Amino acid sequence: RFAPGRRAMRAAGIQFPPLEEAGLASWLRPAQFDFLDALILIPLGDTEILHLSHYMPIAVALMPQGPRVVGLVHSALLTGALVTPEWRWRAPYVPMALRCLPFRRAFDSDQEPVEIAPSLAVDASGEKGFGFWDGPAKPLPEFDAILLMLDRLGRGVKRMSNTARMLLAAEVLTPLAVT
């Protein structure tokens, strides 16, 4: 069961160092989404827009590397809940960025390292988790599936970034003022 203090601790502790610097021997997918307010937004690929447009606001975030199409996941920016009271995902489609957690990639270039959130990669129950490598440059099946999904998401993010540039140039977007 969820304790109110736990949510604040997880939200405050999300950092994504490069995988090589994290020092983890195994990882698990987050079982609950009690950290969405800390993420605020997630990158969206081109194949996800139709699936997610019914469940979360879609925005264009102006990032240093250029505009990005994102889904807003912070509870203050939503009219409906994305998660159940038990912090399980509510909608039938889970965004790729959330399915890839505890991993992410910056998507600025094809050479960006995989990053991991150690606070999301471990479980208090003591479950062992998945390994990373089965030898030099040979990922284990679970980790390989994540790497493939990160690559697919990265391609979609780049295509949506081009679309965001066109929308900005056409001046059809309205600024979102967040206090």
Side-chain angles (χ1 to χ4, degrees), residues 1-45 48 52 55-59 61 63-65 68-78 80-91 93-109 111-134 139-154 156-157 178-179:
R1 191 110 169 104
F2 164 72
R6 179 172 166 244
R7 182 172 192 233
M9 286 191 331
R10 284 192 66 167
I14 297 179
Q15 296 177 6
F16 286 88
L19 180 59
E20 298 79 32
E21 296 174 13
L24 295 175
S26 64
W27 61 278
L28 289 168
R29 288 184 174 93
Q32 298 176 320
F33 291 100
D34 57 345
F35 51 85
L36 292 179
D37 282 354
L39 292 179
I40 301 172
L41 52 86
I42 57 172
L44 297 180
E48 301 186 286
L52 293 171
Y55 305 106
M56 70 174 53
I58 296 173
M63 307 285 205
Q65 63 273 19
R68 292 281 193 262
V69 175
V70 297
L72 304 177
V73 295
H74 193 285
S75 59
L77 302 171
L78 303 171
L82 294 176
V83 294
T84 67
E86 296 80 29
W87 302 107
R88 304 281 184 209
W89 189 257
R90 186 181 299 270
Y93 178 82
V94 181
M96 280 192 279
L98 295 180
R99 284 185 277 154
C100 288
L101 287 175
F103 304 97
R104 77 173 186 186
R105 196 176 257 155
F107 306 122
D108 296 336
S109 75
Q111 306 304 319
E112 291 297 324
V114 172
E115 300 169 332
I116 187 168
S119 63
L120 301 180
V122 295
D123 186 31
S125 69
E127 191 176 331
K128 183 181 179 208
F130 304 107
F132 296 97
W133 306 101
D134 190 25
L140 287 167
E142 296 84 3
F143 185 51
D144 191 41
I146 295 289
L147 294 174
L148 291 171
M149 194 176 322
L150 282 170
D151 288 342
R152 181 175 168 209
L153 176 59
V157 164
V178 179
T179 59

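Please read all numbers here as calculations on a predicted model, not as lab measurements. Each residue takes its place number in the sequence, starting with 1.
Annotation for Met56 and Leu72: closest pair CB-O, 3.8 Å, computed over non-hydrogen atoms. In terms of heavy-atom proximity, Leu28 sits nearest to Gly129 at CD2-CA, 3.3 Å. Taking both residues in full, the closest heavy atoms of Pro30 and Leu101 are given as CD-O, 3.5 Å, listed atom of the first, atom of the second, then distance. For the pair Ile42 and Ala97, the tightest heavy-atom approach, listed with the atom from each and the gap, is CB-CB, 4.0 Å. Taking every heavy atom of both residues into account, Val70 and Leu44 meet most closely at C-CD1, 3.6 Å. Contact detail for Pro118 and Gln15: the closest heavy-atom pair is CD-O, 3.5 Å.
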Task: Chi angles and distances behind the side chain to side chain contact (heavy atoms under 4.5 Å, CB included) call for Phe33, Val73 - done: CA-CA 10 Å; Phe33 291 100; Val73 295; over 6 Å; no
Task: side chain to side chain contact (heavy atoms under 4.5 Å, CB included) assessment of Leu98 paired with Trp89 - done: CA-CA 10 Å; Leu98 295 180; Trp89 189 257; 3.4 Å; yes
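In this structure, CD1 on Ile40 lies 8.0 Å from CG on Leu77, to the nearest 0.5 angstrom. One finds the CG atom of Leu148 at 10.0 Å from the SG atom of Cys100 (value rounded to the nearest 0.5 Å). Separating the CG atom in Asp34 from the CG atom in Leu120 is a distance of 8.5 Å, to the nearest 0.5 Å. Put simply, CD1 on Ile146 and CG on Leu140 are 12.5 Å apart, with the number rounded to the nearest 0.5 Å. Note: Ile58 CD1 to Leu52 CG = 6.0 Å, rounded to the nearest 0.5 Å.
Residues passing the salt bridge (charged side-chain N to carboxylate O under 4.0 Å, His left out) test with Arg29, sequence neighbours excluded: none. In this view, Asp151 and Arg105 satisfy the salt bridge (charged side-chain N to carboxylate O under 4.0 Å, His left out) rule, not counting sequence neighbours.
The shortest distance between side-chain heavy atoms of Phe132 and Val114 does not fall below 4.5 Å. No side-chain heavy atom of Leu78 sits under 4.5 Å from any side-chain heavy atom of Tyr55. In this structure, Pro95 and Glu48 have side chains that are in contact, with non-hydrogen atoms separated by less than 4.5 Å.
Judged purely by atom type and a 3.5 angstrom limit, Arg152 has no side-chain atom pairing as donor or acceptor with the backbone of Leu147. Looking only at distances, a side-chain donor or acceptor of Asp37 sits under 3.5 Å from a matching main-chain atom of Ser75. At least one donor-acceptor pair under 3.5 Å links the side chain of Arg99 to the backbone N or O of Val94.
If you run ring-ring contact (aromatic ring centres under 6.0 Å, His included) between Phe130 and each of Phe143, Trp27, Phe103, only Trp27 comes through.
In this structure, Arg90 places its CZ atom where more than 12 heavy-atom neighbours from other residues, nucleotides or ligands lie under 6.0 Å away.
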